[in-house]
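In what follows, a single structure is set out as structure tokens and then discussed.
Order of listing sets the numbers, starting from 1, for every ligand and every atom in it.
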Amino acid sequence: MVGLIPIPPFVPRENVRPVVSVSGGKDSTATYLLCLEQTGGDFDAVFADTGNEHPYTYEYVARLHERTGGPKVQVVKADFSRELARKKAYLESGRATARTERPWTEERVHEVLAMGFEPTRIPFLDLCRSKGLFPSRMRAFCSQFLKRVVLLEQAHQPLIDAGYNVVSWQGIRAEESRKRSCYPMWEILPESESVTVYRPLMGWTVEDVAAMHKRHSVPLNPLYSMGFSRVGCMPCIQSNKQDIRLMALLCPEHVKKVREWEMLVRSVARQGVSTFFHQSTTGSDAPVRIDEVVRWSMTRRGTSSGRQFDLLALAEPPTSEVCVYAGGLCE
Ligand code: SF4
């Protein structure tokens with residue numbers, strides 16, 4: 001185990017099923033590889049598709065089994081048809097205008113009902129349409145409804161119904177953030193005592209994660225070599241300035257997508273206002289639409305004062321070498 005913190009071997013037991021949550025990122029891939037080593041491949045792997053991923057991530061997840069000899073990653077996906085139908089029924093019932101706190105106007109109810117509530121089957125978008133707003137750092141309901149609940153309902157519950165206890169392997173490392181450093185390595189899931197969360201990478205460094213990839217000759221998700229600091233939604237509501245700038249420069253189709261989504265979510269919001277990124281992203285005191293956020297990402301200075309346009313940012317998109325090496329993920 002050169003370069004890796006030894007992990008006590010996972011002892012397979014009858015009626016205990018390991019299930020690895022795969023996101024396409026480096027930590028969950030390392031977790032998949034560790035589980036492969038410890039179980040010989042007798043485990044399940046699952047990917048919760050938010051509908052807001054980069055094509056490289058879909059491809060990376062779909063090919064993981066070919067590259068490793070491990071199990072194929074099952075894809076699960078939330079469906080918000082019921083929530084959308086419920087919202088429509090609520091608006092039609094007149095209760096929205098009758099409520100005492102933050103009532104809707106009649107005019108707005110008519111406008112929103114005219115937009116229709118047909119599901120798009122894009123989980124991220126339908127979730128936001130059903131709520132009439134985008135998630136934010138303070139209210140990150142996206143991870144709750146697009147990942148946690150879906151994994152439990154669609155991946156874990158069928159195993160529980162078949163008589164298994166589930167051990168849910170999650171690729172979280174303490175050094176990622178102060179919050180994450182407080183997570184225990186083992187934890188019973190509050191929603192189901194038949195699911196135990198296992199975080200075997202808690203003590204790992206990014207070098208350990210890279211060493212695990214190298215040992216299995218598994219490349220990283222190409223998004224890292226494009227310079228992105230993290231792999232998750234494209235974009236994630238928590239994206240940093242550098243990642244937003246990279247998205248605008250290298251994946252403009254995702255900016256276009258967010259522009260369209262902002263329009264669709266605004267069209268069903270009570271006050272007709274909602275933006276993908278919270279205003280705190282740019283330090284603004286008013287909501288900022290995606291084009292404004294992109295403009296801010298091209299400025300040189302930090303959060304609130306980014307007024308000076310950074311020509312270098314446009315002229316020199318980062319190359320794979322610069323970013324991967326800077327992240328310490330490659331040799
Ligand atoms: S990656 Fe970001 S945007 Fe996507 S579900 Fe997680 S917190 Fe939300």
Side-chain angles (χ1 to χ4, degrees), residues 20-29 31 46-58 60-61 73 75-80 83 120-155 168 170-173 176-180 183 197 199 220-224 226-248 251 253-262 264-265 274-282 287-290 293-294 297:
V20 178
S21 298
V22 172
S23 71
K26 62 186 188 314
D27 294 334
S28 70
T29 303
T31 308
V46 63
F47 168 69
D49 178 8
T50 65
N52 187 23
E53 318 280 341
H54 192 281
Y56 286 168
T57 299
Y58 288 119
Y60 188 83
V61 169
V73 180
V75 179
V76 292
K77 210 171 173 175
D79 176 7
F80 295 98
E83 285 75 6
T120 64
R121 310 282 174 201
I122 302 172
F124 196 106
L125 175 58
D126 282 348
L127 171 63
C128 299
R129 287 173 67 227
S130 72
K131 290 195 171 284
L133 80 170
F134 286 97
S136 64
R137 282 170 211 248
M138 300 301 289
R139 302 176 64 192
F141 54 78
C142 44
S143 49
Q144 168 74 4
F145 292 110
L146 298 172
K147 297 197 170 176
R148 196 177 167 108
V149 171
V150 187
L151 288 170
L152 180 61
E153 288 182 355
Q154 296 185 29
S168 171
Q170 297 182 0
I172 287 177
R173 293 181 299 110
E176 285 179 278
S177 70
R178 204 150 31 132
K179 186 174 174 200
R180 292 193 164 200
Y183 287 130
V197 178
R199 306 182 178 101
L220 292 166
N221 186 318
L223 291 172
Y224 292 116
M226 289 164 69
F228 289 96
S229 61
R230 57 189 301 287
V231 166
C233 287
M234 177 65 75
C236 169
I237 53 161
Q238 313 204 47
S239 295
N240 62 27
K241 191 173 186 179
Q242 160 86 357
D243 283 352
I244 296 170
R245 176 189 290 186
L246 282 171
M247 174 183 70
C251 323
E253 65 281 11
H254 289 269
V255 176
K256 181 169 176 278
K257 169 189 73 182
V258 172
R259 198 180 295 127
E260 288 165 4
W261 288 7
E262 283 189 336
L264 289 169
V265 175
S274 190
T275 55
F276 188 94
F277 288 105
H278 190 262
Q279 59 206 54
S280 61
T281 305
T282 63
V288 274
R289 294 189 187 178
I290 184 64
V293 174
V294 166
S297 78

Self-check item: side chain to side chain donor-acceptor pair (under 3.5 Å): pairs with one or both residues in residues 132-155, sequence neighbours excluded
Solution: Arg148-Glu191
Quiz item: Can you name the nearest heavy-atom pair linking Cys142 to Leu127, along with the distance?
Solution: CA-CD2, 3.9 Å
Exercise. Sort by chain and number the protein N/O/S atoms that are closer than 2.8 Å to atom 4 (Fe) of ligand 1, and list them.
Key: Cys233 SG
Practice problem: Kindly determine whether Glu53 and Phe47 satisfy side-chain contact (heavy atoms from CB on, under 4.5 Å), including the steps that lead there. | Solution: CA-CA 11 Å; Glu53 318 280 341; Phe47 168 69; 3.9 Å; yes
Quiz item: Arg289: what forms a salt bridge (charged side-chain N to carboxylate O under 4.0 Å, His left out) with it, not counting sequence neighbours?
Solution: none
Quiz item: Between Asn221, Asn52, Asp49, which is the residue that forms a side chain to side chain donor-acceptor pair (under 3.5 Å) with Thr57?
Solution: Asn221
Self-check item: For Arg129, salt bridge (charged side-chain N to carboxylate O under 4.0 Å, His left out) partners two or more places apart
Solution: Asp126
